[in-house]
Amino acid sequence: MDDLLRAAVAARANAHAPYSGFAVGAAVRGASGAVYAGCNVENASFPEGWCAETSALAAMVTAGETRFTEALVIADHPEPVTPCGGCRQRLAEFGAASAVIHSAGLDGVRARFTLAELLPAAFGLKP
Ligand code: THU
């Protein structure tokens with residue numbers, strides 16, 4: 001899990017968050033074991049920005065993987081930061097209900113949730 005944390009911390013350093021000032025990093029571990037990271041990327045047209053988790057998943061899919069086993073999100077916030085609703089659905093596209101999502105602050109991991117806890121009764125279309 002340390003590798004996930006390191007990757008998310010490094011990605012967070014590149015966050016483009018001039019509007020919210022809230023830099024976020026995320027990392028996912030693909031089924032191969034490889035780690036993919038991402039940061040939030042905001043836009044002057046506010047709704048056009050996206051979250052760190054979305055960037056990390058996009059990096060994973062771009063590399064040719066479509067399943068992750070665990071994920072981590074890090075931000076500087078008093079409460080554990082958890083993925084937004086849209087990102088929970090995006091995570092559910094590529095992860096099992098039992099996949100663990102770690103929530104970290106600058107002092108390290110503070111909380112852990114399964115995807116099922118974050119997105120109960122998830123919508124899905126199985127081919
Ligand atoms: N954000 C993330 O990147 N991930 C989260 O889990 C929560 C929120 C971003 C979106 C936006 O750029 C900023 O944090 C403030 O909401």
Side-chain angles (χ1 to χ4, degrees):
M1 212 268 303
D2 283 354
D3 54 350
L4 278 184
L5 183 59
R6 276 195 300 274
V9 166
R12 179 175 176 272
N14 294 330
H16 179 71
Y19 306 104
S20 72
F22 193 69
V24 185
V28 297
R29 188 185 312 285
S32 72
V35 170
Y36 306 95
C39 60
N40 52 333
V41 182
E42 297 183 350
N43 190 278
S45 177
F46 295 166
E48 302 304 331
W50 63 87
C51 291
E53 295 90 328
T54 297
S55 292
L57 287 171
M60 181 185 79
V61 174
T62 301
E65 292 208 58
T66 53
R67 300 302 290 172
F68 76 91
T69 57
E70 60 178 333
L72 184 147
V73 56
I74 182 168
D76 183 7
H77 195 56
E79 299 298 321
V81 171
T82 53
C84 77
C87 284
R88 294 177 193 204
Q89 183 69 37
R90 292 187 192 96
L91 288 162
E93 182 74 17
F94 302 111
S98 59
V100 174
I101 316 299
H102 309 274
S103 171
L106 300 189
D107 53 345
V109 172
R110 292 177 180 163
R112 294 180 171 82
F113 308 87
T114 64
L115 198 44
E117 287 173 326
L118 293 178
L119 191 66
F123 171 76
L125 290 175
K126 293 287 178 225

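Predicted, not measured: the structure shown is a model, and the values here were computed from it.
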Connected via hydrophobic side-chain network under 4.5 Å: L91 and L118:
yes
Applying side chain to side chain contact (heavy atoms under 4.5 Å, CB included), can you list everything that pairs with R90, at least two apart in sequence or on another chain?
T54, L57, C87
Taking S103 for its side chain and V81 for its backbone only, find out whether a donor-acceptor pair lies under 3.5 Å.
yes
When every non-hydrogen atom of A31 is compared with those of T69, the smallest separation belongs to CA-CG2, 4.2 Å
Tightest non-hydrogen contact, residues A52 and G25, listed as CB-C, 3.8 Å
For A7 and V35, which heavy atoms make the closest approach, and how far apart are they?
CB-CG1, 3.7 Å
Show me the donor-acceptor pairs, under 3.5 Å and distance only, between side chains in residues 14-22 and residues at least two apart or in other chains.
residue: S20; atom: OG; partner: F22; partner atom: N; Å: 3.0
residue: S20; atom: OG; partner: E42; partner atom: OE2; Å: 2.5

The complete set of salt bridge (Lys or Arg N to Asp or Glu O under 4.0 Å) pairs with one or both residues in residues 48-72, sequence neighbours excluded, reads R29-E70
With rounding to the nearest 0.5 angstrom, report the CG to CZ distance, D76 to R12.
5.5 Å
I74 pairs by side-chain contact (heavy atoms from CB on, under 4.5 Å) with which of L4, V9, V109, V24?
V9
Please find the pair of heavy atoms, one from L115 and one from G95, that lie closest to each other, and give the distance.
CD2-O, 3.8 Å
Closer than 3.5 angstrom, by distance alone: can the side chain of Q89 be matched with the main-chain N or O of G86 as a donor-acceptor pair?
no
Checking S55 side chain against C39 main chain: does a donor-acceptor pair fall under 3.5 Å?
yes
Pairing residues for F123 by the ring-ring contact (aromatic ring centres under 6.0 Å, His included) criterion, not counting sequence neighbours:
none
Looking only at heavy atoms, which two atoms of A34 and S32 are closest? And how far apart?
N-OG, 3.1 Å
Do F94 and V61 have side-chain heavy atoms sitting under 4.5 Å apart?
yes
Other cluster members, V100 - Ile/Leu/Val/Met/Phe/Trp/Tyr, side-chain contacts below 4.5 Å:
none
For side chain to side chain contact (heavy atoms under 4.5 Å, CB included), just list the numbers for L72 and I101, CA-CA rounded to whole Å, side-chain angles, deciding distance to a tenth of an Å, and then say yes or no.
CA-CA 6 Å; L72 184 147; I101 316 299; over 6 Å; no
Test item: P83 and C51 side chains (from C-beta on) under 4.5 Å apart, heavy atoms:
no
Work out which heavy atom in L119 is nearest to a heavy atom in R88; give both atom names and the distance.
CD2-O, 3.6 Å
Hits for salt bridge (Lys or Arg N to Asp or Glu O under 4.0 Å) against R110, two or more places apart or cross-chain, chain-then-number order -> D107
For residues F68 and F113: do they belong to one hydrophobic cluster (side chain heavy atoms under 4.5 Å, members Ile, Leu, Val, Met, Phe, Trp, Tyr)?
yes
